[in-house]
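In what follows, a structure is listed as structure tokens, so that the remarks can point back to it.
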2 protein chains.
Amino acid sequence: MFSRACQYGIRAVIYICGESQKGNKVGAKQISEKTGVPEPFIAKILQDLARKKIIGSTKGPTGGFFVDGRHQELTLKQLVDAIDGEELFTGCSLGLENCSEANPCPLHGEIKQIRLSIVRMLTQKSIKEFAEEVEKGETVLSRMIQT
Amino acid sequence: MFSRACQYGIRAVIYICGESQKGNKVGAKQISEKTGVPEPFIAKILQDLARKKIIGSTKGPTGGFFVDGRHQELTLKQLVDAIDGEELFTGCSLGLENCSEANPCPLHGEIKQIRLSIVRMLTQKSIKEFAEEVEKGETVLSRMIQT
DNA sequence: ATAATAGAGGATAATTTTATCCTTTATGAT
DNA sequence: ATCATAAAGGATAAAATTATCCTCTATTAT
């Protein structure tokens, strides 16, 4: 469903958002530790997101990644779009180039509903809300038993 | 959502099923032409499916791929399982190894419903029914304007 | 029996995705 | 001003996926 880069990106940005709520910027190393994502890989992904202004970043000591007012009501949908593109939401699920209402693939009718559900999942909560759930311990971002 | 191999496989098997209803076996070349899938690639995928007894195949003149009584109520779910594995249906959508009810990832609750919808889409109709829709011209398996 | 046909199987390429490393640049602490 | 820190950027490597090709084997038509 999501590429690995996208899975990593989602976990990382939810974590960053949680820390940002507490006023902390976080570095790639810390993100890697807390989300179980390989450090150089997440660094690349976040570099990309920062370039696209999906998240913020600053260099130097006390620097790191963050999400602030400018990215306030950021949703996972925007994140997925930025990392994986819109293929999941707009492309034909069977790979037909010209699949459409007039020319539907066998799954065309059904997949529409599923896509709506996916979009709903990715937009009904802001990333901030997802981060709050993690803070409350209701959900987790990495394998447990980490200090 | 589905790998390219899986998209190709679904299109090919629906086509094969339609021809099988008419009593025809079809070769990789014909399948390639009718579904717009690269011939050597679909040959590999189908070879695999035949080995797994998802479809049938015979060699030699008048040979080819087919689905018969033994694969009668074959569903797309079985096909997807065979080609892409069950990751889509059972793995954590954010890639957490130990995601569970007790230890849920942020999307855990929502993704369950979506998976059910996907499974429903892939099981509520048999492949034979999908093939009938194609025969009726209600749905298509490749870009249009093919003789 | 022989020849032609078509899948099986194995080897190999090409491309994309995943992952890592190293140098440069910006920034904050001192 | 200097130094340490951390992201940016570019190069590279490894692995997986996608795609192709060639030989072998089974089968059918003649």
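We name chains A, B, ... by the order of the sequence lines, and we start the count at 1 in each one.
- The side chain of B:P61 has C:dA4 as its nearest neighbour among C:dA4, C:dA8, D:dA4.
- Taking only side-chain atoms of B:A50, from C-beta outward, the nucleotide of D:dA7, C:dA8, D:dT20 with the closest atom is C:dA8.
- Where A:F2 and B:A43 meet DNA chain C, the nucleotide closest to each residue was compared, and B:A43 sits on the side nearer the 5' end.
- Comparing C:dA8, D:dT20, C:dT27 against the side chain of B:F41 picks out D:dT20 as the nearest.
- If you take NZ of A:K52 and P of D:dA7, they are 19 Å apart, rounded to a whole angstrom.
- Taking side-chain N and O atoms only, B:R4 has a distance below 4.0 Å to OP1 or OP2 of D:dA19.
- Checking the phosphate oxygens (OP1, OP2) of D:dT5, no side-chain nitrogen or oxygen of A:T62 falls inside 4.0 Å.
- Regarding A:I31, its CD1 atom lies at a distance of 11 Å from the C1' atom of D:dA6, rounded to whole Å.
- Remark: A:K34 does not engage A:E19 in a salt bridge, criterion side-chain N to carboxylate O under 4.0 Å.
- Both B:I42 and A:V26 sit near DNA chain D, but only A:V26 has its closest nucleotide nearer the 5' end.
- The ring pair (Phe, Tyr, Trp, His ring centres under 6.0 Å) contacts involving residues 16-39 of chain B comprise nothing, where partners must be two or more places apart or lie in separate chains.
- Taking the ring axis of B:Y8 as reference, the NZ or CZ atom of B:K44 does not stay both within 45° of it and closer than 6.0 Å to the ring centre.
- Regarding A:I45, its CD1 atom lies at a distance of 14 Å from the P atom of D:dA7, rounded to whole Å.
- Ion pairing of A:E133 with A:K125 is present here, as a side-chain N (NZ or NE/NH1/NH2) and a carboxylate O approach within less than 4.0 Å.
- Residues A:V13 and A:I127 have side chains in contact (heavy-atom distance under 4.5 Å, counting atoms from C-beta outward).
- Within the 4.0 angstrom heavy-atom criterion, no nucleotide atom of any strand lies near B:F66.
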Pick out the pairs of N or O atoms, protein on one side and nucleotides 9-11 of chain C on the other, that lie under 3.5 Å.
| residue | atom | partner | partner atom | Å |
| --- | --- | --- | --- | --- |
| C:dG9 | OP2 | B:R51 | NH1 | 2.9 |
| C:dG9 | N7 | B:K44 | NZ | 3.1 |
| C:dG9 | N7 | B:Q47 | NE2 | 3.0 |
| C:dG10 | N7 | B:K44 | NZ | 3.1 |
| C:dG10 | O6 | B:K44 | NZ | 2.8 |

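- By the neighbour-count criterion of 12 heavy atoms within 6.0 Å, atom NZ of B:K29 is sparsely surrounded, having that number or fewer from other residues, nucleotides or ligands.
- Between B:E19 atom CD and C:dA6 atom C1' there is a gap of 17 Å when expressed in whole angstrom units.
- Distances shown here put every side-chain N or O of B:T58 at or beyond 4.0 Å from the OP1 or OP2 atom of C:dG7.
- If you measure from atom CD of B:Q30 to atom P of C:dT5, you get 15 Å, rounded to the nearest angstrom.
- When the side-chain nitrogen and oxygen atoms of B:Y8 are compared with OP1 and OP2 of D:dA19, one or more of them lie within a distance under 4.0 Å.
- Here the CD atom belonging to A:E39 is positioned 8.0 Å from the CD atom belonging to A:E33, to the nearest 0.5 angstrom.
- Computed from coordinates, the B:K59 NZ to D:dC24 C1' distance equals 8 Å when rounded to whole Å.
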